[in-house]
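See below for the structure under consideration.
Letters A, B, ... mirror the listed sequences (proteins, then strands); counts begin at 1.
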Protein chains: 2
Amino acid sequence: MNDEQLKQILREFDLKVTKVRLCVLDLLLQSRIAMSHSQITDALEAFELDKVTLYRTLNTFVEVGLAHKVATDERNWLYAIYSEDVQQHNHQHEHHESPHAHFICEACDKIYCFPIEEKQIDLKKAELEGFSIKQHEIRLHGTCPVCK
Amino acid sequence: MNDEQLKQILREFDLKVTKVRLCVLDLLLQSRIAMSHSQITDALEAFELDKVTLYRTLNTFVEVGLAHKVATDERNWLYAIYSEDVQQHNHQHEHHESPHAHFICEACDKIYCFPIEEKQIDLKKAELEGFSIKQHEIRLHGTCPVCK
DNA sequence: ACTATAATGCAACTTAGTTGCAATAATTTA
DNA sequence: TAAATTATTGCAACTAAGTTGCATTATAGT
């Protein structure tokens, strides 16, 4: 994606255009998998990103609904951007995330994101009385094509 | 649950019977929600549990398949025991966890566990080619009956 | 180009969890 | 029931991930 397109995305989310935001946005848009702070630092080594600035950049992306984050079992966070979310963004900031599944590979620990159908989950409904569900996420554990 | 029953459970999972394990097991069996290290420490204040010992106890429970843990968005872990898992325990140690949903209350941050039907998840299947799914977990976000 | 405001980068800090090791307690065997 | 064996406990020190405060620098609107 070219520089002007990236800038346009930032502006659509009411974010100022900065070097850090541009390169992080570009990387996340290209990545098929959700990335951790340290993966991003490594991938963007040439930019010599400051640790704190990167955390703040990622959190900003999440706050405005441009990216989303997943907590892993290793107690850190992975960040990802759905190109769908970027395209469907509306300016009323009602970003109730589109439902998605995260596939977690047991071999390489990578997390792949998949958009999924907006669908009911088949629970023992009696047990869920009184719980109002606003959003859901599905986590799949297994082996990814690369590791198989 | 009485002391003898608790001891019996520990023995079934090849764990030695100790004071710490008994009181933690008792608490988790009673709890409807998954509990964090600090919640457990508070609830069992009278026992003055050592921080490290409690972490090790919880991890041991998870390793042998007696309990399971959930990573939260606040990057800590919650621990829970399903009475079902305890009852269905087999001694071959093939504890592939039964599928379950976690309901995360946005208001009080409590996590409730629900067993769910062993069911296929309706994904855009084309996108999942090459990924072999061994286990899945569903996360529901919303408001619990207490906070509503 | 000037100004107001927001983002950046550094140091110090916090929080959750881990490691090493000596002391203690639980089970096995005699 | 006592001794021996082995696993668990408790303390101190440590690590890893992320946060806070603040001075400096860059962005966007006039």
| request: Please report, rounded to the nearest Å, how far the P atom of C/dC10 is from the CG atom of A/Leu54. | output: 14 Å
| remark: To the nearest 10 degrees, the angle between the two end axes of the helix from C/dA1-D/dT30 to C/dA30-D/dT1 (five pairs per end) comes to 40°
Taking only N/O atoms, report every protein-nucleotides 21-24 of chain D pair under 3.5 Å with atom names and distance.
| from | atom 1 | to | atom 2 | distance (Å) |
| --- | --- | --- | --- | --- |
| D/dG21 | O6 | A/Arg56 | NH2 | 3.3 |

| said: Within the 4.5 Å heavy-atom criterion, are B/Asp73 and A/Val70 side-chain neighbours or not? | reply: no
| said: Does any part of the side chain of B/Arg11, heavy atoms only, come nearer than 4.5 Å to the side chain of B/Val17, both counted from C-beta? | reply: yes
| message | If I take atom CG from residue B/Asp26 and atom CZ from residue B/Arg21, how far apart are they, to the nearest 0.5 angstrom? | response | 15.5 Å
| task | Establish, with yes or no, whether the OP1 or OP2 oxygen of D/dT19 is under 4.0 angstrom from a side-chain nitrogen or oxygen of A/Asn59. | result | yes
| query | Can you find a heavy atom in the side chain of B/Cys23 that is under 4.5 Å from one in the side chain of B/Leu49? | reply | yes
| Rounded distance (Å) that lies between atom P of C/dT27 and atom CG of B/Asp14 | 12 Å
| Pairwise distance CD1(A/Ile40) to CG(A/Leu58) - rounded to 0.5 angstrom | 4.5 Å
| Quick one: CG on A/Leu10 to CG on A/Leu15, what's the gap to the nearest 0.5 Å? | 6.0 Å
What protein N or O atoms touch nucleotides 26-30 of chain D N or O atoms at under 3.5 angstrom, if any, and at what distances?
| from | atom 1 | to | atom 2 | distance (Å) |
| --- | --- | --- | --- | --- |
| D/dA28 | OP1 | A/Val17 | N | 2.9 |

| request: Can you tell me the distance, in whole Å, between the CG atom of A/Asn76 and the P atom of D/dT19? | output: 12 Å
| note | Considering only heavy side-chain atoms of B/Arg75, the closest of C/dG9, C/dT15, C/dT18 is C/dT15
| task | Side-chain contact test, heavy atoms from C-beta onward, threshold under 4.5 Å: evaluate it for B/Asp14 versus B/Val64 and give yes or no. | result | no
| request: Report the nucleotide, chosen from D/dA17, C/dT18, C/dT8, that has the shortest atom-to-atom distance to any side-chain atom of B/Trp77. | output: C/dT18
| query | Atom CD of B/Gln39 and atom P of C/dA16: how far apart are they, to the nearest Å? | reply | 12 Å
| said: Does C/dT8 have OP1 or OP2 under 4.0 Å away from a side-chain N or O of A/Thr57? | reply: yes
| Ignoring hydrogens and angles, are the base of C/dG17 and the side chain of B/Lys51 linked by a donor-acceptor pair under 3.5 Å? | yes
| From B/Ile104 CD1 over to B/Ile33 CD1, what is the distance, rounded to the nearest 0.5 angstrom? | 12.5 Å
| Can you check the A/Glu63 CD to D/dT19 P distance for me, whole Å? | 10 Å
| Quick one: A/Lys69 NZ to D/dA17 P, roughly how many Å, whole number? | 15 Å
| said: Tell me whether the rings of B/His68 and B/His102 are parallel (<30°), tilted (30 to 60°) or perpendicular (>60°). | reply: parallel
| Any idea how A/His37 and A/Tyr55 line up, ring-wise: parallel (<30°), tilted (30 to 60°), or perpendicular (>60°)? | parallel
| field | Check: B/Val20 and B/Arg56 side chains under 4.5 Å, non-hydrogen atoms | value | no
| said: Using the side chain to side chain contact (heavy atoms under 4.5 Å, CB included) definition, which of the options A/Leu28, A/Leu25, A/Thr60 pairs with A/Leu66? | reply: A/Leu25
| Taking CG from B/Leu6 and P from C/dA26, how many angstroms apart are they, rounded to a whole number? | 16 Å
| query | For the pair made of CZ in A/Phe13 and P in C/dA7, what is the distance, rounded to whole Å? | reply | 16 Å
| note | Closest to the side chain of B/Asp50, out of D/dT9, D/dC11, C/dC10, is D/dC11
